[in-house]
Colleague: 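First the structure, then my questions, so here it is.
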Amino acid sequence: TNPNFFSTCGMNLCSPPQIISFTPNSNQTTNQVVIIGNNFSGVVSVKFNGVQAEYTVNSFTQIIATVPKNATTGKVSITTTIGTATSLQD
């Protein structure tokens, strides 16, 4: 049992984050990425191939993140107090 379950979710049922898509993809050069998904509540970390990024949670379904200068091509991961989601694509 997650010790943060009730502090994060109250009495509601919570689910781990889910990444549906992000744009632009690794084929485009930009420092801002829009991540679309679900359950972006209690976000504690956004990483690009394991490198911590600065981010803003705009809603329960959207995060805007800045790709770190030292990040390499790889997966995007989002960690919340409930769990971690990792993208299927780079």
Colleague: If only atom types and distance count, is the side chain of Lys75 paired as donor or acceptor with the main-chain N or O of Leu88 below 3.5 Å?
Modeller: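 Pair found, side chain donor or acceptor close to backbone of Leu88.
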Colleague: Are the side chains of Ile35 and Ile78 in contact, using a 4.5 Å heavy-atom criterion?
Modeller: yes
Colleague: Flag yes if Ile63 and Ile20 sit in one hydrophobic cluster, no otherwise; membership is Ile, Leu, Val, Met, Phe, Trp, Tyr, and two members link when side-chain heavy atoms are under 4.5 Å apart.
Modeller: no
Colleague: Checking side-chain polar atoms at under 3.5 Å, does Thr79 have a donor or acceptor matched by the opposite partner on Thr84?
Modeller: yes
Colleague: To the nearest 0.5 Å, what is the distance between CD (Gln89) and OG1 (Thr86)?
Modeller: 12.5 Å
Colleague: Flag the pair Thr81 / Val44 as yes when at least one side-chain heavy-atom distance between them is below 4.5 Å, and no otherwise.
Modeller: yes
Colleague: May I have the step-by-step check of side chain to side chain contact (heavy atoms under 4.5 Å, CB included) for Val76 and Lys47, ending in yes or no?
Modeller: CA-CA 6 Å; Val76 176; Lys47 295 181 180 180; over 6 Å; no
Colleague: Between Thr80 and Ile82, is there a donor-acceptor pair closer than 3.5 Å when you use the side chain of the first and the backbone of the second?
Modeller: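 Flag set: sc Thr80 to bb Ile82 pair under 3.5 Å.
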Colleague: Are the side chains of Ile64 and Gln32 in contact, using a 4.5 Å heavy-atom criterion?
Modeller: yes
Colleague: Assess the residue pair Ser87 and Phe22 against the criterion (side chain to side chain contact (heavy atoms under 4.5 Å, CB included)); give the C-alpha distance rounded to whole Å, side-chain angles, the decisive distance to 0.1 Å, and a yes or no.
Modeller: CA-CA 9 Å; Ser87 64; Phe22 58 91; 3.7 Å; yes
Colleague: For Asn38 and Gln18, indicate whether the former's side chain and the latter's backbone hold a donor-acceptor pair under 3.5 Å.
Modeller: no
Colleague: Tell me whether the count of non-hydrogen atoms from other residues, nucleotides or ligands lying under 6.0 Å of CD in Glu54 goes above 12.
Modeller: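 No.
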Colleague: State whether the side chain of Asn49 and the backbone N or O of Thr73 hold a donor-acceptor pair below 3.5 Å, judged by distance alone.
Modeller: yes
Colleague: Under a 4.5 Å side-chain heavy-atom rule over Ile, Leu, Val, Met, Phe, Trp and Tyr, are Phe48 and Ile36 clustered together?
Modeller: no
Colleague: Work out which heavy atom in Ala85 is nearest to a heavy atom in Pro17; give both atom names and the distance.
Modeller: CB-O, 3.3 Å
Colleague: So which atom in Ser45 and which in Tyr55 form the shortest heavy-atom distance, rounded to 0.1 Å?
Modeller: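 Shortest heavy-atom separation between Ser45 and Tyr55 comes out as N-OH, 3.6 Å.
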Colleague: Return the minimal non-hydrogen interatomic distance between Ser15 and Asn39, and the atom names on each side.
Modeller: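 Scanning both residues completely, I find the closest heavy atoms to be CB-ND2, 3.4 Å.
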